[in-house]
Amino acid sequence: MNTVPGLVPAGHRRLPVGQAAGDRRQVWPWRRAGLGALAAGAVALPFVLPPYLLFQATLVLVYAVALLGLDLVVGRGGQISLGHGAFFGVGAYTAAVMIAQFGLPYPLTLPVAALLTFGLGWAAGLPALRLRGLYLAMVTFAVAVVLPPLLKRFPAITGGAMGMPVPTPRAPVLDDDQWVYFLVLGVTVTAFAGIRNLTASRGGRALTAIREHRAAAEVLGMRPATHMTHAFAWSAMYAGTAGALYTWTAGFVSPDSFALSLSITLLAGVVIGGPATLTGALLGAFVVMGVPAVARELNPAAPGVISGLLIVLVVYAAPTGLTGLLRRAAWSVAGRRT
Amino acid sequence: MFGQQLLEGLGAGAGYAALALALVLTYRFTGIVNFAQGELAMLATYVAWQLVDSGMPYWAALPVTVAVAFLAGVVTERTVMRRVEDRAGELTLVATTIGLYVTVNAIAALVWTSALRAFPSPFPDGPAGVSALVAACVAGPVLGAVALVVRHTGLGLVMRAVAADPRSARLSGVRVGRVLALGWGAASAIGAVSGVLLAPILFLEPTMMTGVLVYSFAAATLGGLDSAPGAVAGGLIVGVTETLAGTYLGFVGADLKIAVPLVLIVAVLLLRPQGLFGSAPVERA
Amino acid sequence: MSGLDVRGLRAGYGAARVLHGVDLAAGENEIVVLLGPNGAGKTTLLRALSGLVGARGAATLDGVALLGRAPDEIARLGVAHVTQEGGTFGPLTVEENLRVGAYARRRPRRGVAEDLARVFTYFPGLQAHLGQPAGTLSGGEQRMLAIGRALVARPRLLLLDEPTRGLAPPLRSRLFGTIHAINRHEGTIMIIVEHNVAAALEVAHRAYLVESGRIAGLRERRRW
């Protein structure tokens, strides 16, 4: 019997390892403990933070949802989309118009925004995704540039260039901002679970196969264009849902908040947080929140700049993003080789 | 009235054609679509404005600006693009040009602020259509000369070889780095022509060329991303279409003209992805 | 010191070391063949000589050091490398492909027409396709075009990586005959990687056996 833990000899007989072999060392359940702490912290947050910080924490969750979606395209699909700021904006305006102009109840805005942006994502992705990746970049670039003028064109519905205030959800219990926080938290958790399922599914594995070697994937029977378009539509839906949540949280929409620079900042968030990881979306959301805030101190034009520079830096120097760096740090602490 | 609109469209189209040509040239040399092409052109246009504002006559400032743009392109390639050119992955390449886009934009905003400025027209007193047409006539020979160089000189041959297979070109003794730098310089210079042509129509401000970039994407896609004549033809078509749509289609109006190129791009990609004159299959291998 | 002299060559790809100290020599007018199993490092050896892969040790051609230079510099020193992948410029015509080869020479513009004519004597099939884009030629024709382009450069050292790979048998023997003729008329030093042992040994002056990144054996012509 094998008494050296972890050593699995080759051959047709598999000998037991670890606890089954008699290893009684305690293994600390890192993962579960970590998730538990995170959950506890998340629930406790609104009772601990002052309203302004709670507002920012809620926005972090909102951006995390958007980044989860964008990551499908960028991290797992290996493509560039410069249009997710626009999908975010469409979702935000959908919710805004429904609530402010038509007085519809706010829960209704989520599915509507989701469906609408799913459809738009499909429409935008379909022509471009059969072709080289740069066509997607071009099309989404164009979409991002077109959205603000489009919104400004119909001021009767959208409130025009000055923007539109939107009543935020009223809370049956707790304070308003705490209630919104929990709503957003619920959607965020669902979103994370959704992405986990998506990526573990056939479709998710197909995406990875397509990204790594498109020709081989095709020979294996996958249709890259269909998978990619599907993934793009889902990612647009995530961005649109996040946009609706943004409206709930911020209570105000204006066309210039959803311009090209937002798309670039979201892209920076995915790249810096760590492509193709769940934690990357969360870390990236902090970047998306933090960069404009810090950058605006320097110069109103700065947020897009800093995002752009960070993208280049990270893609070149640390392609696995913050998540990759943190993982390496954690492994070196735990004594594992990377 | 229609004729007037047509002339205006051609004038704007010449500007789009120039930027589209710059895009296509960069694409043919390096396989990269340079998202920062418009911003480099914008920077050059500011330089031109600065020169004219400081007293230099328009027709003297123009060649100086083009020369400066050429140098800027060479420097950009040598410093920024050099580091990522050898790496595979469109993500890295496109991301780099996007980073370049925002950086150049920031530099312009920092130096000249975001204030709108009027750019002097070479023909201040003529009707709008005439100046546009003359501009097109100026641009035409320039673009034609470029085409000749590419097709028929040794330098052009070497550039095309580098575009086809940089590694084999290296093994044939070609100084690939120099050729690429030259290519970026030339593309940047042509982009400057675009900026200077369009600046009298648009107002000079840091985001001036972002919209133009979209029009030029449409032009390049319509003409065929690997076809230089296609880029020119595409530019003119886009210019005319945009102007006519803005005037005659009510719901488009002046603000939504920017939607025209988006529609064009989508239509071309759906119906004929290689564009009018493009040859290379655009499907990924 | 004339010819190619390589000592203690070490090369690899990042963390993977492929060559662990290779010594070889190729003198004036010689054809040297590299034989060995896949993964032995033969292609890496050629790449180290042409500068595509970084290498340490020493390699000199007519006394001039090759290592540590960029590939285009080495090409201009008179080294031509025809890779396994072929390396023709697809969108360029056959004639344009050949003209690119002239770029590496010290006196580029003189006598290009004569060089083209010479190439056509070795590869008559190419002349028929002069104005055609190289990408439309068959695999074998593209291979010959690549070698022809290398010849236009009038190289001192010609590196051929599996020149007969994928060619039908009659073409193979014809190509070897042409290689032999080129060596006799031009005096080019050649290093050829081949799996076709019998055919290679017919033309080679010397054969090296490469195994696991080292020279495992050497045969001179007189011995077989």
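Below, chain A is the first sequence line, B the second, and so on; all start at residue 1.
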**OP:** Heavy-atom distances under 4.5 Å only: say whether B/V174 touches chain C with side chain, backbone, both or neither.
**Re:**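 B/V174 touches chain C through backbone and side-chain heavy atoms alike.
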Subject >> Structural part of B/A169 lying under 4.5 Å from a heavy atom of chain C >> reply: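 B/A169 touches chain C through backbone and side-chain heavy atoms alike.
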Original post:
Partners of C/N183 by side-chain contact (heavy atoms from CB on, under 4.5 Å), sequence neighbours excluded?
Top reply: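 Only C/I31, C/M190, C/H205 meet the side-chain contact (heavy atoms from CB on, under 4.5 Å) criterion with C/N183.
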**OP:** Write down the atom of C/R76, the atom of B/G173, and the distance for their closest heavy-atom approach.
**Re:**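 Answer, listing the atom of C/R76 first, then B/G173: NH1-O, 2.9 Å.
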Subject >> Taking every non-hydrogen atom, the tightest pair across B/S168 and C/G87 >> reply: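 Here B/S168 and C/G87 meet closest at OG-CA, 3.0 Å.
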Subject >> Rounded distance (nearest 0.5 Å) linking atom CG of B/L157 with atom CD of C/E95 >> reply: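 Reported to 0.5 Å precision, the distance equals 9.5 Å.
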Original post:
Which residues pass the side-chain hydrogen bond (donor to acceptor under 3.5 Å, both in side chains) test with C/E186, sequence neighbours left out?
Top reply: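 By the side-chain hydrogen bond (donor to acceptor under 3.5 Å, both in side chains) rule, C/E186 matches C/R118, C/Y122.
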Non-hydrogen atoms of chain B under 4.5 Å away: do they reach the side chain of [X], the backbone, both or neither?
X     : value
C/E85 : side chain
C/I74 : neither
C/T88 : backbone

Original post:
Crowded around C/R69 CZ? As in, over 12 foreign heavy atoms under 6.0 Å?
Top reply: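 Yes, CZ of C/R69 has more than 12 neighbouring heavy atoms, counting only those of other groups under 6.0 Å.
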Original post:
Does CZ belonging to C/R56 count more than 12 external heavy atoms closer than 6.0 Å?
Top reply: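 Counting other residues, nucleotides and ligands, CZ of C/R56 stays at 12 neighbours or fewer.
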Original post:
With chain C, which of B/D165, B/V158, B/V176 has the greatest number of heavy-atom pairs at distances under 4.5 Å?
Top reply: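 Heavy-atom pairs under 4.5 Å are most numerous for B/D165.
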